[in-house]
Structures are given as structure tokens and as C-alpha cells.
Amino acid sequence: MGTPTGTGESVITVSGLRMRYDDSFEAVRGIDLEVRRGEVFAFLGPNGAGKTTTVEILEGYRRRTAGDVTVLGEDPAHAGPSWRARIGVVLQESRPERDLTVAECLRLYAGYYPSPRGIDETMELVGLVGQADATATRLSGGQRRRLDVALSLIGDPELLFLDEPTTGFDPSARRAAWDMIAGLRSLGVTVFLTTHFMDEAEHLADHVMVISEGRIVAAGPPGTLGGRQRAAAEITFTLPPGASLAALPGPVRDAVSYGTAGTNGTDHVLLRSARPLAVLGPLIAWAEDAGHDLPDLEVRRPSLEDVYLALTEPGADAPPLEPPEAPRHPEAA
Ligand code: ATP
């Protein structure tokens, strides 16, 4: 993301949160988290990990079994209507009034809030200006979703809960939704995002937290989650015709993880190195000296999805947070 934000006061603090359903199954097993004003916070985890349970507690829709929760300075379990007017909630599926136009719908909802955002401004924010006079039933799936978001924004919330905002979107609608969320962030709205799309989290989030089986298994900025930035890089290329692995310079040979003969007689080489420049330098010098081109040369660090899958695969041990997360004290900002 662009300008760093989210360095200010704490908008959500959770400590030791537990939720036990039916006196038996513990869906949330003692989690701590902090969301700072102005940041996009992505909450990730596989199906059944405890995300919805946690989010519903933060939204004040569900009682908890134990733990301390503060959202916009109040405990959601006891907060009143003035607190609720400061938050926006976009559920996975909502039902706007079917017979009203987009503008009428927004006008109706605006009446529920003490200081609503303007109708035109809200439609512009979500890209629905052209559909102002269309009824909800005439909207496409993506436009309906935008209306859901518009309805959650009409009260001019400080904090927005977005639950899987782009599920079912085509690639261009997803990009438009991302732009919209980035726009909200630049307006200073704090966004608590739940998503199953790692590219979405990577693109939008300032801070990512992964929950698995009711426990937090990793937290941090998307670029460094799970020590990702320190993991060995993978370098791949096809060995030029006539060249052999033995001909490669020493630092490159030492990093060879495998070299295989491809189906068309070419050799695919995979190098692994925690210091990729120390391998790439000699490799490129060797290729230039020998007049080889390496057209498919690629350097790749583990993606957020690679890290996420390793953290959440069944039976994975919850690793220590790596790098260790510094306490997020607002006053230290
Ligand atoms: P998904 O990605 O599928 O939406 P989630 O991470 O949001 O999953 P939750 O909906 O919080 O997961 O569910 C966590 C666990 O709690 C699951 O095992 C689920 O079956 C269980 N659970 C959720 N709601 C209830 C309920 N009302 N009563 C009993 N168990 C529940």
C-alpha cells in the first residue's frame, strides 16, 4: 500500500478472547489482537477457523465466553446505538430493499444515522453513480455487492467490517473493489477485512493476522508474515542448449536444488538461496561471457499464499510468531 497509516490510536483491542459454543466446542481459544486507526487489517484463516465468531463478537452481535474486547473505546457486548452508528458492517450477503432504487435505498438508510455521508458522495465512492435510478433487482451481482458496501458507508463509519468483499467478482470488478477499499483507507476509515484471497490481503492490508483452529498462528505486515522476507529465494531458468550444470560457476552449482531434463530436451534448473544476489551475480556474468540468454530467468520468494498454506495446513504446529511481533503500543507511534 501507499502512504503508511495505522500508526495512531487503537481502534480495536482484544485480549484473551475465548468463545465456547454449546458448553463444549471452543471455536476461539484465547486470541489477542490490535487494530489501529486508519489501517486495513486482514483477518485470514481456513473455513471454520473462528473468523466469523470473532468478527461477530467485535461487532457486538455475539456474546463471548471470556476475554477483554474494546472497539472504538467501548465493550461491544454493552455498547449502545451511538456506538453502532460509528461502525459499518458489510455481511457476506445482505438484502437491500428490492423495490427501491439505489439512491432511494441510500436515502432510506441515511435516515437511520445522526450524521450520514452524502448520497452522491457515497455512490461515487463505490462506483454506483450510473446506477442511481436502478432498482436493486436490476443490479448485477457485483453492483449489488457495491450497494451493500454503500449501505454500510452511508452512516459515515469510522470502522468498517468487510466480510469477503470480492467473493464471486470477476477480475476487473475485484480490482475496482480494491481501489474502493484503498480509497476508504485514504479517507481515514479503519477497515477490518476478512478474506480468503491472499492477493487481496497482500494488495490491501497494512497488517495481516492468521487464525487457525481458534488460535492466532501468525501476524505482521504481509511482506514479512511468517519470516517470509528471510526465506530462501527460488531462482529458476532453463539451461541454454549445449551448456551443462557442471559448467556453471561454483556459487551457482552450490545452490542447485535440482536440474531436470524437460520434455523437449531442455534442462530446467532450480536454485535455492537465502542470498539470491550472491548467486545471480555469478550466473549472469557466466551467461554474458558465454553469450547465453536466460529468457525465462525468474526469482521468487515464497508468496503470502505459500506461507499461509504452510501455517494452516491440518496438523501444522503453530509456529512462534516470526519475526517476533513488537507490541503494538499506540503511544509508541
Ligand atoms: P468460514 O471461513 O467457513 O466462514 P470461520 O473462520 O468464519 O469459517 P466460524 O464461523 O467462526 O469460522 O466457526 C468456527 C467454528 O465454530 C466452526 O467449527 C463452526 O462449526 C463452529 N460454530 C460456528 N457457529 C456456531 C454455532 N452457532 N454453534 C455451534 N458451533 C458453531
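Both counts, for ligands and for their atoms, begin at 1 and track the order of listing.
Phe197 and Met180 fall into different hydrophobic clusters, where Ile, Leu, Val, Met, Phe, Trp and Tyr residues are linked whenever their side-chain heavy atoms come under 4.5 Å apart, directly or through other members. Linking Ile, Leu, Val, Met, Phe, Trp and Tyr residues whenever their side-chain heavy atoms come within less than 4.5 Å leaves Phe169 and Ile181 in two separate clusters.
Nearest to atom 3 (O) of ligand 1 by heavy-atom distance, out of Ile57, Asn47, Leu44, is Asn47. The option from Phe25, Tyr21, Phe43 that lies nearest to atom 24 (N) of ligand 1, judged by heavy atoms, is Tyr21. Comparing Thr54, Thr52, Asp163, Thr53 against atom 7 (O) of ligand 1, the shortest heavy-atom distance belongs to Thr52.
Taking NE2 of His203 as the start and OG1 of Thr195 as the end, the distance is 12.5 Å to the nearest 0.5 Å.
Within the structure, ligand 1 has His196 among the residues with a heavy atom less than 4.0 angstrom away. Not a single heavy atom of Gly45 sits under 4.0 Å from any atom of ligand 1. Using a 4.0 angstrom heavy-atom cutoff, Pro46 counts as in contact with ligand 1.
Under a 3.5 Å cut-off, the side chain of Asp179 and the backbone N or O of Ala176 do not form any donor-acceptor pair.
Considering backbone and side-chain N/O atoms, Asp22 never comes within less than 3.5 Å of an N/O atom of ligand 1. Ligand 1 has an N or O atom lying under 3.5 Å from an N or O atom of Gly48, backbone or side chain. Considering both main-chain and side-chain atoms, Lys51 comes within under 3.5 Å of ligand 1 through a nitrogen or oxygen pair. Taking only nitrogen or oxygen atoms, main chain and side chain alike, Ala27 does not reach within less than 3.5 Å of ligand 1.
For Thr65, the side chain to side chain donor-acceptor pair (under 3.5 Å) test picks out no residue, with sequence neighbours left out. Applying the salt bridge (Lys or Arg N to Asp or Glu O under 4.0 Å) criterion to Arg64, with sequence neighbours excluded, gives Asp75.
Per-residue contacts place Ala49 under 4.0 angstrom from the following atoms of ligand 1 (heavy atoms of the residue considered): 5 (P), 6 (O), 12 (O). Near Gly50, meaning under 4.0 Å from any of its heavy atoms, are these atoms of ligand 1: 5 (P), 6 (O), 11 (O), 12 (O), 14 (C).
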For Arg228 and Leu304, what are the C-alpha separation, side-chain angles and deciding distance, and is it a side-chain contact (heavy atoms from CB on, under 4.5 Å)? CA-CA 8 Å; Arg228 198 180 144 198; Leu304 185 58; 3.8 Å; yes
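Of the residues Val210, Val55, Leu193, the one that meets the side chain to side chain contact (heavy atoms under 4.5 Å, CB included) test with Phe43 is Val55.
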